[in-house]
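Treat the numbers as computed from the prediction; the structure is a model and nothing was measured. Just so it is clear, the values below take in all heavy atoms, side chains as well, and ignore hydrogens, waters and symmetry mates.
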Amino acid sequence: MRAPAVSGRFYPGTRAELAVAVRELLGVDEVAPGPARGAVAPHAGYVYSGPTAGAVFARLALPPVIVIVAPNHTGVCRAPGGGSLWETGAFRTPLGDVAVDERFAAALLDASPLVSIDHEAHREEHAVEVELPFLQVLRADARIVPLVLAWDAWEACRALGEALAGLVRRWAEPVLLLASSDLNHYEPAAVSEQKDARALDAVTALDGAELLARCRRERISMCGRAAAATVLAAARALGATRADVVDYRHSGWVSADDAHVVGYGGVVIP
């Protein structure tokens, strides 16, 4: 069992409060959910990025299996290839437990040498955890494959994306590939808005290689760039032809501090 690490800080710490908060965030836009190959959702505190995450999840007809690809914020990584997988059991939130899809996790271990079992990378990592209450409210029986990446090299993202695409193609059930990522960090709003637009342009073009190159070249501190590039590579291999930005905002909208903002973009890949 993976215990919650940021309950009561990034999101409400009681079952009742969390359920109300998530339902409110999901109900901001009146949209009909539909199938998707992939998505990108932010992972900050709900007061900042919750509306963007809600805009993404409200548009998703969630399948039974969701692979969550997230960045490694803590620096803890014992996976030789840099891809840290939690392969069994469940992740707990105040809303209950989200089961890990052990069959898909085992298949992923076989499919990619970049991925290894590494629970320590997950214990204090928030980027998977904050997505889970949305899944629990929308589809209580959803199973997850939690994967944390400690690198941002394109060849590794491409290889992992193609491995994921191969598994999704032959899986008996539909699978959603979800990248957990915020956008540029801690720069003035005017600067961050420009950098975020540049990153999102690469995402909507389904160009993971350009996303990583642009982040490096233009110093865009998008924390989940490898996760996003991996999902873009997989989605393209699965036949995706576009990605749609469904929400954008930054922390200054809430804090009224435009000097040091963090950006949040929500993307759906049909």
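Around the CZ atom of Arg219, the shell of radius 6.0 Å holds no more than 12 heavy atoms that belong to other residues, nucleotides or ligands. Crowding of Arg169 atom CZ: a count of heavy atoms from other residues, nucleotides or ligands under 6.0 Å exceeding 12.
Between Asp196 and Arg198 there is no salt bridge, since no side-chain nitrogen of the basic residue lies less than 4.0 Å from a carboxylate oxygen of the acidic one. Salt bridge annotation for Arg143-Glu102: absent, with no cationic side-chain nitrogen under 4.0 angstrom from a carboxylate oxygen. Under a 4.0 Å N-O distance rule, the pair Lys195/Glu218 does not qualify as a salt bridge. Taking the charged nitrogens against the carboxylate oxygens, Arg242 and Asp244 do have a contact shorter than 4.0 Å, which makes a salt bridge. Between Asp152 and Arg225, at least one side-chain N (NZ, or NE/NH1/NH2) sits under 4.0 Å from a carboxylate O, which counts as a salt bridge. In summary, Arg92 and Glu129 do not engage in a salt bridge, as defined by a charged side-chain N under 4.0 Å from a carboxylate O.
The aromatic ring centres of His260 and His250 sit 6.0 Å or more apart. Checked against a 6.0 Å centroid threshold, the rings of Phe10 and His126 count as neighbours.
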Test side-chain contact (heavy atoms from CB on, under 4.5 Å) on Met1 and Phe91 and set out the steps. CA-CA 6 Å; Met1 179 64 63; Phe91 275 45; over 6 Å; no
From CA spacing to verdict: salt bridge (Lys or Arg N to Asp or Glu O under 4.0 Å), Asp141, Arg139: CA-CA 6 Å; Asp141 65 340; Arg139 179 156 188 163; 2.7 Å; yes
Would Leu177 and Val69 count as a side-chain contact (heavy atoms from CB on, under 4.5 Å) here? Give the steps. CA-CA 8 Å; Leu177 302 174; Val69 191; 5.8 Å; no
Would Ser180 and Glu131 satisfy side chain to side chain donor-acceptor pair (under 3.5 Å), going step by step from the backbone distance to the final call? CA-CA 8 Å; Ser180 178; Glu131 313 292 4; 3.0 Å; yes
Verify side-chain contact (heavy atoms from CB on, under 4.5 Å) between Val145 and Leu108, making sure each step is shown before the conclusion. CA-CA 9 Å; Val145 182; Leu108 180 56; 4.3 Å; yes
Evaluate the criterion side-chain contact (heavy atoms from CB on, under 4.5 Å) for residue pair Arg78 and Ser84; output intermediate values, then yes/no. CA-CA 7 Å; Arg78 298 180 181 175; Ser84 300; over 6 Å; no
Any chance you could lay out the side chain to side chain donor-acceptor pair (under 3.5 Å) test for Glu124 and His73, step after step, and finish with the verdict? CA-CA 9 Å; Glu124 299 300 323; His73 289 92; over 6 Å; no
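Trp86 contributes a side-chain N or O that, together with a main-chain N or O of Thr88, makes up a donor-acceptor pair within less than 3.5 Å. For the pair Glu120 (side chain) and Val76 (backbone), a donor-acceptor distance under 3.5 Å is absent. Without hydrogens or angle criteria, Arg214 side chain to Ala199 main chain gives no donor-acceptor distance under 3.5 Å. Under the 3.5 Å distance criterion, the side-chain polar atoms of Ser255 are matched with a main-chain donor or acceptor of Ser251. Formation of a donor-acceptor pair under 3.5 Å by the Arg15 side chain with backbone atoms of Leu95 is found in this model. Remark: the backbone N or O of Ser221 is paired with a side-chain donor or acceptor of Asn184 at under 3.5 angstrom. Side-chain atoms of Arg158 do not come within 3.5 Å of backbone N or O of Ala233 as any donor-acceptor pair. For Asp118 (side chain) and Gly83 (main-chain N/O), no donor-acceptor pair under 3.5 Å exists by modelled atom type. Remark: side-chain polar atoms of Asp257 are not paired, donor with acceptor, to backbone N or O of Val261 under 3.5 angstrom. Remark: the backbone N or O of Val65 is not paired with any side-chain donor or acceptor of Glu173 at under 3.5 angstrom.
One hydrophobic cluster holds both Leu62 and Val268 under the rule that ILVMFWY side chains link at heavy-atom gaps under 4.5 Å. Put simply, Trp171 and Val231 are part of the same group of oily side chains (I, L, V, M, F, W, Y) that touch within less than 4.5 Å, one to the next. Residues Val245 and Leu25 do not share a hydrophobic cluster, defined by chaining ILVMFWY side chains whose heavy atoms lie under 4.5 Å apart. Linking ILVMFWY residues whenever their side-chain heavy atoms come closer than 4.5 Å, directly or via other members, places Val22 and Leu178 in the same cluster. A continuous path of ILVMFWY side-chain contacts below 4.5 Å connects Val203 to Leu238, so both sit in one hydrophobic cluster.
The two residues Ala142 and Val98 make their nearest non-hydrogen contact at O-CG1, 3.8 Å. The two residues Met222 and Ala228 make their nearest non-hydrogen contact at CE-CB, 3.8 Å. The two residues Pro63 and Pro174 come nearest to each other via the heavy atoms CB-O, 3.4 Å. Between Ala150 and Cys77, the shortest heavy-atom distance links the atoms CB-SG, 3.9 Å. The shortest heavy-atom contact between Leu176 and Ala36 is CD1-O, 3.7 Å. Residues Val246 and Val267 approach most closely at CG2-N, 4.3 Å, considering heavy atoms.
To the nearest 0.5 Å, the span separating CG on Leu147 from CG on Leu160 amounts to 6.0 Å. Atoms CG and CG, on Leu149 and Asn72 in that order, are 8.5 Å from each other to the nearest 0.5 Å. The CD atom of Glu210 sits 10.0 Å away from the CG atom of Asp201 when rounded to the nearest 0.5 Å. Note that CG of Asp101 and CD1 of Ile144 are 10.0 Å apart. Values are rounded to the nearest 0.5 Å. Interatomic distance, CD1 of Ile220 versus NE2 of His185, reported as 13.0 Å (0.5 Å rounding). Atom-to-atom distance recorded for Leu167:CG and Arg103:CZ is 11.0 Å, nearest 0.5 angstrom.
The shortest distance between side-chain heavy atoms of Tyr48 and Tyr264 falls below 4.5 Å. In this structure the side chain of Glu187 reaches within 4.5 angstrom of the side chain of Ser192, judged on heavy atoms. By the 4.5 Å heavy-atom criterion applied to side chains, Leu114 and Trp151 are counted as neighbours. The side-chain heavy atoms of Arg249 and Ser49, taken from C-beta on, include no pair separated by under 4.5 Å. For the pair Val148/Leu85, no side-chain contact is recorded, criterion being any heavy-atom separation below 4.5 Å from C-beta on. Inter-residue side-chain proximity for Val137 and Leu135 is flagged as unmet; no heavy-atom pair is nearer than 4.5 Å. Between Glu87 and His119, the closest side-chain pair of non-hydrogen atoms falls below 4.5 Å. Two residues are said to be in side-chain contact when any heavy atoms from C-beta on lie closer than 4.5 Å; Pro94 and Tyr11 meet this criterion.
When Val40, Leu200, Thr52 are each tested for a side-chain contact (heavy atoms from CB on, under 4.5 Å) with Leu183, only one passes: Leu200.
The aromatic rings of Phe134 and Tyr46 lie tilted to each other, with the angle between the two planes from 30° to 60°.
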